[in-house]
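Written out below as structure tokens is the structure these notes cover.
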2 protein chains.
Amino acid sequence: MDTLWPENSSIESFAEAFPIQADSLFRELYFYFRSQIKVQREEPAIRNLAIIFKATFKLSSQKGFHGMSLRDLSSETNISMGGLYNYISCKEDLASMIVEFVGARIGGQIYTDTAIATGNNIELKLDQTIRALVYTADIFQPWFFFMFMEAKNMSPSNRLRAKEFELRAIKNFGAVITEYQEGKVAGDTDPLLTASTLMAAVEAWYLKQWHYSENKITITDYADYCVALTRKLL
Amino acid sequence: MDTLWPENSSIESFAEAFPIQADSLFRELYFYFRSQIKVQREEPAIRNLAIIFKATFKLSSQKGFHGMSLRDLSSETNISMGGLYNYISCKEDLASMIVEFVGARIGGQIYTDTAIATGNNIELKLDQTIRALVYTADIFQPWFFFMFMEAKNMSPSNRLRAKEFELRAIKNFGAVITEYQEGKVAGDTDPLLTASTLMAAVEAWYLKQWHYSENKITITDYADYCVALTRKLL
DNA sequence: TGCAAAATAGCGAACGTTCGCTCTTTATTC
DNA sequence: GAATAAAGAGCGAACGTTCGCTATTTTGCA
């Protein structure tokens, strides 16, 4: 890779600048929840957490979180019922951990990180904030899919967390748009409405990935498209 | 109302031109499924079907279809367990009937009806097709919400039906876009990508209505916005 | 029109199954 | 051999579904 993010716009350079590879994610998750996880030896803990959450994403995407029984999860992971309960204290814990971890791990970081990286080049900041949103949605696809689909079925506190996560994204991105519009002459369009539309396009990516892969649209294509889309709206 | 659809663009004139009022909907649904519904007397059947499906939409939106038990449904509707089974033969029937009815009732009608109403005025056709999509999404909000959220948890055949319903919408709207682009000089943008983006915006309306009502955006505002959005993309 | 008889609609307890979860026992690791 | 992790049988509750019954409405005959 000759240049680096944010000058280089590829997902590879993005992933290198903000290391959120799926591999290290469950290590982070383990240390984040270490106090409430019974298994203390690091090696099996991280390995099994990865297995458990990947299986949760898979089964939930097939039949929903409610429709997935812990026996399903047990046979999918080859971990016994008792084994599972060394990692969670109840089924809802799986949902809690996903929502809480995503909220803490991603949160507003995208905006501050991109702002720092792009300095006072406002056009670049807008473009790369959009790309960062699309790339993050791609890397966290199973996580975001789960949160979107299951939010309404969760406990009130988790539902609230998931909703606030989305609202914060719209608000933060709306602020980037406003900043961009202030430097321009035109632009009477509502920043929040534009932000909602862009978010809907990002959601479409992680909710209906099959649709885009069938039509041979890559993540980089789609990020470019989202940038062009937003530009045309402003 | 001084003028009529499609010259008058309000949702009221649309609803008058295409009578899909919620009231008469369950009468239609009853006759559509009459052969598989045990209750033969029209009066209680239509009344109870309306009660049952409205409650299904309510409870499913709160805790998901899987999370809603038939005991929940029984106490919400004040219809006993045995009573419910005079209208369905199994729980999955509720989902089947929703998906099947929406597919049959709405299907491609929007496009043919709008095409007839707008004649060979291609610009008007594009605009009013978009408005028809938004207005239909609003009128059928609980139905579409249910289909979107529960599709992945349904039986394979129902899941397929729900997916095809969406794909058909994108394809049909893509054809309207192509026709519009052919009459213009510019326009190298992919019609299917534009159609997907518009569909994502329509989905946002029926999936997150709370978000728009909180910001005091009416359905007419939003339809206008979607028209402007699509125009800017072409 | 009035009344018994038939047909239909609604009810709710009970069935077998599956659920989330617990707890004692066995296996693994250092 | 002490400590930790995994195992899986077992628990009560709740699930979708069934079924024998009651209540209501319609029908057939005077």
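Keep in mind it's a predicted model, so treat the numbers as computed, not measured. Both backbone and side-chain heavy atoms feed into the values below; hydrogens, waters and symmetry mates do not. Residue numbers start from 1 in every chain, and the chains themselves are labelled A, B, ... in the order their sequence lines are given, proteins ahead of strands.
- Side-chain nitrogen and oxygen atoms of B:Ser69 include none within less than 4.0 Å of the OP1 or OP2 phosphate oxygen of D:dA14.
- Side-chain atoms of B:Phe57 and B:Phe145, non-hydrogen and from C-beta on, never get closer than 4.5 Å to each other.
- Put simply, CZ on B:Arg47 is 14 Å from C1' on C:dT8, counting in whole angstrom units.
- Of the candidate nucleotides C:dA13, C:dC21, D:dA6, C:dA13 has the atom lying nearest to any side-chain atom of B:Met81.
- For the pair B:Lys171 and B:Tyr111, the cation-pi criterion (under 6.0 Å, within 45° of the ring axis) is not fulfilled.
- Rounded to whole Å, atom C1' of D:dA5 lies 14 Å from atom CD1 of A:Ile51.
- The CG-C1' distance, from A:Leu59 to C:dG20, rounds to 16 Å in whole Å.
- The side chain of B:Arg71 lies closest to D:dT17 when the candidates are D:dT17, D:dA6, C:dC21.
- In this structure, CG of B:Leu73 is placed 12 Å from P of D:dT17, rounded to the nearest angstrom.
- A donor atom on one side chain and an acceptor atom on the other are not found under 3.5 Å apart for A:Gln62 and B:Asn153.
- Of the candidates D:dA6, C:dC21, D:dG16, D:dG16 carries the atom nearest the B:Lys91 side chain, counting heavy atoms from C-beta on.
- Between A:Tyr135 and A:Phe14, the ring planes lie tilted relative to each other; the angle falls in the 30° to 60° range.
- Taking only side-chain nitrogens and oxygens, B:Tyr87 comes nearer than 4.0 Å to OP1 or OP2 of C:dG10.
- Looking at the side chain of B:Arg41, the nearest of the listed nucleotides D:dG8, D:dT26, C:dG10 is D:dT26.
- Atom CG of B:Leu94 and atom P of D:dG16 are 11 Å apart (whole Å).
- We find that CG of A:Leu84 is positioned 16 Å from C1' of D:dA9, with the value rounded to whole Å.
- Between A:Tyr85 atom OH and C:dC19 atom P there is a gap of 12 Å when expressed in whole angstrom units.
- For B:Asn48, a side-chain nitrogen or oxygen approaches OP1 or OP2 of C:dG10 to under 4.0 Å.
- For the residue pair B:Arg161 and B:Glu100, the shortest heavy atom distance occurs at NH2-OE1, 3.8 Å.
- The side chain of B:Ser80 lies closest to C:dG10, out of C:dT22, C:dG10, D:dG16.
- Between the P atom of C:dG20 and the CG atom of A:Asn86 lies a distance of 17 Å, rounded to the nearest Å.
- Residues B:Ser89 and A:Pro44 both approach DNA chain D. Their nearest nucleotides, taken by heavy-atom distance, put A:Pro44 toward the 5′ side.
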